[in-house]
Colleague: 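Okay, here's the structure, questions in a sec.
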Amino acid sequence: MKSEREPGLETRAVHGPHIGASGAMSTPLVHSATFSFDSLDDMVAQQNLGSAGSFYQRNGHPTIAATEERLAALEGSETALLFPSGMGAISSAFLAYLKSGDHVVCVDPCYGGTQALLQWGKERFGWDHTFVDSRQPDTWEAAFKPNTRLLHLESPINPTLVCFDIAWAAQLGHAKGCVVTIDNTIASPIGQQPLALGCDVSLYSATKSIGGHSDLLAGAAMGSRAALAPVFHARSTFGPIADATSAWMIERSLKTMPMRVAAGNANALELATRLKAHAGVAQVFYPGLPSHPSHAIAAKQMKLGFGPLLGFEVKGGAEAALQVVNALRVIRHGASLGGVESLASLAAFTSHKMIGPEGRKRAGIPEGLVRVSAGVESIEDLWADLEQALAAVRG
Ligand SMILES: *Cc1c(COP(=O)(O)O)cnc(C)c1O
């Protein structure tokens with residue numbers, strides 16, 4: 001009997017899906033938008049390979065394909081497609097699965113860009129949508145209509161880090177005849193595997209944990225060949241194709257992704273734990289804390305920890321939160337997540353500004369909420385920075 005050991009996550013990250021292959025250690029960065037052939041047959045053969053073929057970059061490209069293959073192997077999906085941004089991936093998926101007159105059920109609050117996309121679709125493409133409260137899954141079933149074609153999920157949700165049972169949600173979506181997509185950006189493809197939990201397509205802003213160094217914009221869609229065929233069609237039609245350099249940089253980043261994600265997640269848990277005990281903090285939002293309402297389900301479906309993102313409410317409201325963020329030095333004030341650099345931002349002034357105080361109240365987002373994406377710096381430096389910033393709050 002042959003005993004083939006399944007290589008571990010870190011090994012797959014470093015070596016990619018072809019362990020033991022000889023040749024270049026790093027995937028060659030091919031700067032070529034088109035490829036030449038000795039015969040029409042050869043050309044058609046490459047064309048027919050779709051994203052895995054080298055025919056013309058808008059269809060497929062060797063450096064992009066190598067990155068897609070490594071990404072797929074990390075999540076355990078059959079295949080992957082790379083995009084020039086996360087919104088490129090999400091909008092291509094929606095364009096792929098929705099026709100005029102179709103209805104979408106989407107968890108609320110989802111990423112702001114996705115809300116804007118749904119609004120765009122409503123005004124220009126004849127899509128309709130209903131938002132369902134991420135905290136109350138028992139209300140979701142009533143939102144489905146006979147023309148609902150897509151269930152779009154996101155867990156955990158920024159910035160309150162609400163999580164729900166993804167396997168249950170995927171089952172509900174399928175029972176209603178929907179394609180089930182999930183924005184898995186916050187957890188990352190190694191932090192949570194929604195395809196194994198029953199989702200059809202997982203979507204990413206690769207700008208975040210996948211790229212991991214705040215130096216590139218990219219996106220990804222993962223799923224079976226069959227599930228991604230319409231997404232590939234939308235990508236070739238509308239043209240959001242990653243460039244070869246970004247693909248190469250992502251492939252390089254993937255080699256250290258398990259270490260980066262594990263370190264960021266561990267820092268996030270430690271900061272959340274210490275913030276919870278701090279006198280200047282009213283409330284901490286982190287699914288890794290047993291006191292978080294989603295802790296049990298997060299522990300079941302998240303791997304490698306509970307993600308890099310946490311939120312905390314500063315006593316004293318929006319003004320006090322602003323003072324804290326302004327006083328931070330090591331943790332930089334900026335609007336991204338999942339990078340090696342720790343970042344802080346203010347939900348009420350940035351990501352959740354548009355919905356106003358009433359909208360924030362409904363979504364359970366306190367005015368004084370500071371969102372932190374934990375990077376991989378020394379934990380004592382991050383904590384000292386937060387302590388001095390909290391001490392800087394006047395009154
Ligand atoms: C950043 C982000 C996006 C959008 O990705 P871009 O790469 O900026 O287009 C989508 N979803 C989530 C959860 C994000 O954090």
Side-chain angles (χ1 to χ4, degrees), residues 67 71 80-95 104 106-121 131 134 152-164 166 181-189 191-192 194 199 201-222 231 234-235 238-243 246-247 249-250 253 261 264-265 268 285 287 298 302 306-311 334-339 341-347 350-355 363 365 371-375:
T67 306
L71 264 174
L81 291 171
L82 205 59
F83 291 85
S85 70
M87 282 318 301
I90 296 168
S91 59
S92 294
F94 284 22
L95 286 165
V104 180
C106 180
V107 293
D108 184 48
C110 68
Y111 182 69
T114 306
Q115 294 180 38
L117 170 66
L118 286 169
Q119 192 54 37
W120 179 285
F131 287 118
S134 55
H152 182 70
L153 309 171
E154 207 174 305
S155 175
I157 282 184
N158 170 45
T160 49
L161 287 314
V162 168
C163 306
F164 49 81
I166 296 170
T181 56
I182 181 165
D183 184 335
N184 197 37
T185 299
I186 295 174
S188 93
Q192 184 166 268
C199 296
V201 178
S202 55
L203 298 161
Y204 297 91
S205 169
T207 314
K208 314 294 166 55
S209 301
I210 291 174
H213 297 75
S214 311
D215 54 6
L216 61 86
L217 197 75
M222 323 260 213
V231 184
R235 189 180 74 166
F238 289 87
I241 307 297
D243 67 282
S246 294
M249 287 168 75
I250 289 169
S253 293
V261 169
N265 291 0
F285 300 85
M302 296 183 83
F306 295 88
L309 211 57
L310 62 122
S336 192
L337 67 100
E341 310 87 353
S342 293
L343 291 176
S345 63
L346 293 156
T350 55
S351 55
H352 298 75
K353 183 178 179 176
M354 290 273 290
I355 59 174
I365 302 168
R371 182 186 100 165
V372 170
S373 173

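Just so you know, ligand 1 is whichever comes first in the structure, and atom 1 is the first atom listed for that ligand. Hydrogens, waters and symmetry mates are skipped; everything else that's a heavy atom, side chains included, is used.
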Colleague: Within the protein, flag every N or O under 3.5 Å from an N or O of ligand 1, and note the pair and distance.
Modeller:
residue	atom	partner	partner atom	Å
ligand 1	5 (O)	Ser205	OG	3.0
ligand 1	7 (O)	Gly86	N	2.8
ligand 1	7 (O)	Ser205	OG	2.8
ligand 1	7 (O)	Thr207	OG1	2.7
ligand 1	9 (O)	Gly86	N	3.0
ligand 1	9 (O)	Met87	N	2.8
ligand 1	11 (N)	Asp183	OD2	2.6
ligand 1	15 (O)	Lys208	NZ	2.7

Colleague: Check whether Thr207 reaches the backbone of Ala218 with its side chain - one donor and one acceptor, N or O, closer than 3.5 Å.
Modeller: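 Side chain of Thr207 to backbone of Ala218: a pair is present.
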Colleague: Is the side chain of Asn184 donor-acceptor paired with the backbone N or O of Ala187 at a distance under 3.5 Å, no angle test?
Modeller: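 Checked: no pair found.
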Colleague: Where the side chain of Glu341 meets the backbone of Gly375, is there a donor-acceptor pair that is under 3.5 Å apart?
Modeller: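 Flag not set: sc Glu341 to bb Gly375 has no pair under 3.5 Å.
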Colleague: Nearest 0.5 Å, what's the OG-CG distance between Ser246 and Asp215?
Modeller: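 Answer rounded to 0.5 Å: 8.5 Å.
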Colleague: Got a donor-acceptor contact below 3.5 angstrom from the Ser92 side chain to the Arg235 backbone?
Modeller: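 No, Ser92 side chain to Arg235 backbone: no donor-acceptor pair under 3.5 Å.
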Colleague: Closer than 3.5 angstrom, by distance alone: can the side chain of Thr185 be matched with the main-chain N or O of Ser205 as a donor-acceptor pair?
Modeller: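 The answer is yes, because a donor-acceptor pair under 3.5 Å joins these two groups.
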